[in-house]
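Residue numbers begin at 1 in each chain, while the letters A, B, ... track the order of the sequences.
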Protein chains: 2
Amino acid sequence: MSRISRRGLLGMGAAGVAGVAAAGAGALATRALIEEPAAHAESTGDPYPFYGRNQAGITTPAQDRLHFVAFDVITSKREELADLLQKWTAAAARMTQGRDAGPFGSVGGPLEAPPDDTGEALGLPASGLTLTIGFGSSLFDKRFGLADRRPAALADLPAFPGDELSPDISGGDICMQACAHDPQVAVHAIRNLARIGFGRVSVRYSQLGFGRTSSTSRAQTTPRNLLGFKDGTANIKLEDTSMLRDYVWAAPGDGPAWMDGGSYLVTRKIRMHVETWDRTSLGEQETIFGRDKGKGAPLTGHAEFDEPDLAKTGPDGQPVIPADSHVRLAHPSLHGGARLLRRGYNYVDGSDGLGRLDAGLFFMAYQRDPRKQFVPIQTELAAKDKLNEYIQHISSGVFACPPGVTDAGDYWGRALFS
Amino acid sequence: MSRISRRGLLGMGAAGVAGVAAAGAGALATRALIEEPAAHAESTGDPYPFYGRNQAGITTPAQDRLHFVAFDVITSKREELADLLQKWTAAAARMTQGRDAGPFGSVGGPLEAPPDDTGEALGLPASGLTLTIGFGSSLFDKRFGLADRRPAALADLPAFPGDELSPDISGGDICMQACAHDPQVAVHAIRNLARIGFGRVSVRYSQLGFGRTSSTSRAQTTPRNLLGFKDGTANIKLEDTSMLRDYVWAAPGDGPAWMDGGSYLVTRKIRMHVETWDRTSLGEQETIFGRDKGKGAPLTGHAEFDEPDLAKTGPDGQPVIPADSHVRLAHPSLHGGARLLRRGYNYVDGSDGLGRLDAGLFFMAYQRDPRKQFVPIQTELAAKDKLNEYIQHISSGVFACPPGVTDAGDYWGRALFS
């Protein structure tokens with residue numbers, strides 16, 4: 001990972017570890033910025049804490065439902081935007097605890113005024129709701145005087161071979177990830193934030209996801225994606241403290257101090273041609289993934305968590321895990337150890353008008369620096385992955401997700417705006 | 001309801017009740033055709049029985065997730081269609097019991113062939129999955145020699161004022177409703193049926209729904225729609241045996257014998273302009289519905305299940321429940337007692353490109369005869385309902401859902417094709 005600058009470290013009141021090599025960089029200084037949420041019982045309605053040094057919804061055990069939205073900011077007044085972020089933070093602090101969005105009670109308030117909450121989640125529990133905010137690079141244009149605060153890591157992604165990105169569902173000034181056990185709760189949260197933002201932000205695009213395709217805790221079983229394979233076996237888990245430090249949280253010196261304890265989110269909507277896939281032989285599917293479909297074991301192993309043996313060859317002298325297989329091309333050993341914390345969801349957006357389901361993966365990955373993690377991994381995959389015959393990247397986004405809100409006097413992005 | 005013809009009754013081996021007046025018509029003959037599913041514990045993964053005199057998924061306590069699909073039949077061979085219905089029935093009998101779609105095990109079979117199941121639900125429980133099939137009027141055109149078997153009740157709906165129907169998401173030769181507690185299970189089922197139907201059917205449109213907007217059992221609490229109001233308070237419940245008989249199940253003599261014990265499904269995708277609604281005052285919202293938003297009580301009552309007093313007037317001499325309120329216009333007393341068994345779901349299909357969520361209600365209602373139930377009710381609502389300022393009907397479908405499959409030798413629509 002990136003080296004730590006003295007300036008950054010001194011700014012944080014720490015010293016003496018500048019020059020520590022890549023993987024361990026920032027260890028001492030960063031530790032104090034990390035606060036993992038407890039691994040709650042997965043499917044209870046219990047709330048996760050809203051306040052903390054990191055935002056919830058990143059290492060939080062992946063809930064099973066997603067409502068993701070990207071907003072365009074339509075006000076040009078910096079103070080209106082900062083005011084909105086304060087209102088959003090207050091509403092999020094309430095809604096994640098199973099309360100309504102507003103101060104007057106769920107559907108209360110005077111009869112002459114619109115209700116303070118839209119009401120469709122009234123009576124439902126918190127359902128593990130987390131709300132996670134991110135800022136897109138377009139927010140750092142000249143409108144709000146933030147240009148000099150843009151992190152270098154919030155760089156636009158390069159064009160990858162095969163990309164067929166639609167601008168309408170890419171980018172965005174601000175993103176909001178709502179995850180919950182109950183989609184009604186996730187939808188309610190996004191809708192109320194949009195309502196509160198009326199006249200200041202506008203919904204650019206919105207995506208529902210219905211099945212987590214990753215585990216972010218060792219307490220979770222590995223789910224399956226819409227290709228029918230277990231997904232996220234090798235994902236970073238909240239218990240992997242050193243990996244979180246090295247690969248997930250932005251550390252002092254990585255970039256501007258307002259991002260210390262934050263993380264960068266890359267989103268990619270990946271359409272899957274499931275009908276074509278479903279007519280592919282089991283052997284071919286397993287060769288493409290490099291894993292057994294039933295158990296999820298690498299082709300060189302017997303159990304899901306067996307480490308893939310990339311060097312092993314078969315009787316024909318060829319690698320058992322093929323050169324163009326997904327598990328090999330995404331393997332950390334090819335990328336200087338780089339890993340991602342993935343948090344994607346399956347989607348089905350109806351059908352495509354050509355007799356096929358419009359289905360796939362809404363890929364989301366948190367990381368310390370996309371330039372050193374997502375970009376080299378995706379460069380390899382886009383060039384060589386045999387899976388590319390069955391998938392298509394149709395949207396893209398990169399967002400700087402600031403650190404958590406520490407108390408009721410704090411708000412999302414305070415350090416950015418102050 | 002319609003009168004019973006002697007011919008129909010004699011055909012069923014019963015006699016003597018012809019001429020019984022509307023509400024009780026068919027009571028004797030129909031009773032034997034009704035078999036309500038037990039009111040299972042709602043959120044367990046337990047399977048519902050697949051075999052029965054009525055299809056599951058109609059009176060079954062409404063599960064919380066929907067995947068609905070309409071297929072176009074692309075083969076013109078009647079025997080290929082009948083063969084597909086047999087294969088679908090066999091796969092549905094397996095999947096609803098928490099098994100894979102095919103005979104060789106979830107992702108098993110020879111390496112050289114495509115797997116017999118797409119695999120993404122492997123390891124998941126049955127999750128209360130039900131699969132319910134219906135036949136659209138277009139199936140009864142000249143392609144399959146079924147023209148003379150088309151039920152009169154499967155009539156096209158009239159055009160209602162305000163309709164803005166998109167043909168791409170309306171109609172269809174065959175519909176399939178998958179309901180489950182887990183969307184991954186519902187999506188898996190539809191996908192595998194589409195896979196099995198490859199070359200014979202093509203997906204016309206597909207709709208995911210995420211929150212039931214009705215209760216179909218007294219054991220269920222009343223949920224809320226995306227307007228924030230309790231929905232389905234007055235819905236027919238599976239415990240209402242006489243209402244099921246009068247208003248849900250097609251009875252001998254109603255139409256062709258192949259529909260005896262079946263039901264007619266009307267679907268309407270209803271876009272809700274939630275952003276506009278959210279800026280409407282609480283008083284206005286409650287006036288439009290005729291109910292209190294918090295408790296769901298009629299404006300003339302105190303508790304959710306209080307019967308609305310449509311005659312009651314206020315100090316100004318005007319009805320407390322306004323003439324153009326939803327609860328009044330939909331009230332059975334205006335429609336000769338006609339009721340529906342509603343089974344709709346909330347949807348959010350992303351955003352509309354104009355800064356708004358693309359959200360609403362996928363309305364589904366089962367009934368004995370749409371000409372006497374949905375049509376008069378919707379005629380009234382379309383003409384007068386104040387709610388029309390906030391909603392828009394964008395799709396429409398009517399389907400004849402045959403009776404249940406009684407055993408492994410039977411299949412969906414056997415009586416239609418034999």
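Of the residues considered (A/Val274, A/Asp349, A/Asp358), A/Val274 shows the highest number of contacts with chain B, using heavy-atom pairs under 4.5 Å. Of the listed residues (A/Leu357, A/Asp168, A/Leu226), the greatest number of heavy-atom pairs within a distance under 4.5 Å of chain B belongs to A/Leu226. Taking B/Ala359, B/Ser202, B/Pro183, B/Pro223 one by one and counting their heavy-atom pairs under 4.5 Å with chain A, the maximum is reached by B/Pro183. In terms of heavy-atom pairs under 4.5 angstrom with chain A, the leader among B/Gly355, B/Gly283, B/Gly211 is B/Gly355.
Neither the backbone nor the side chain of B/Leu124 comes within contact range of chain A; no heavy atom of the residue lies under 4.5 Å from a heavy atom of that chain. Using a 4.5 Å cut-off between heavy atoms, A/Leu227 contacts chain B through its backbone alone, with no side-chain atom that close. Contacts of A/Leu208 with chain B are made by side-chain atoms alone, with heavy-atom separations under 4.5 Å and no backbone atom involved. Residue A/Glu112 touches chain B through its backbone alone, counting heavy-atom pairs closer than 4.5 Å. For a residue to count as touching a neighbouring chain, one of its non-hydrogen atoms must lie under 4.5 Å from one of that chain's; by this rule A/Asp278 touches chain B with backbone and side chain alike. Within the 4.5 angstrom heavy-atom criterion, only side-chain atoms of B/Val187, from C-beta onward, approach chain A.
Aromatic ring orientation, B/Trp277 versus B/Phe289: perpendicular (interplanar angle above 60°, classes split at 30° and 60°).
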Might you work through the side chain to side chain contact (heavy atoms under 4.5 Å, CB included) test for B/Lys295 and B/Glu304, ending with a clear yes or no? CA-CA 6 Å; B/Lys295 287 179 294 184; B/Glu304 182 192 345; 5.8 Å; no
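Contact annotation for residues 188-198 of chain B against chain A (heavy-atom separation below 4.5 Å, listed by residue number): B/Arg191, B/Arg195, B/Phe198.
Donor-acceptor pairing under 3.5 Å is lacking for the side chains of A/Glu120 and B/Asn225. Between the side chains of A/Ser138 and A/Asp173, a donor-acceptor pair is found at a separation under 3.5 Å.
Judged by the 6.0 Å and 45° rule, A/Lys269 forms no cation-pi pair with A/Phe363.
Residues B/Phe362 and B/Phe68 place their aromatic rings such that the two centres sit under 6.0 Å apart.
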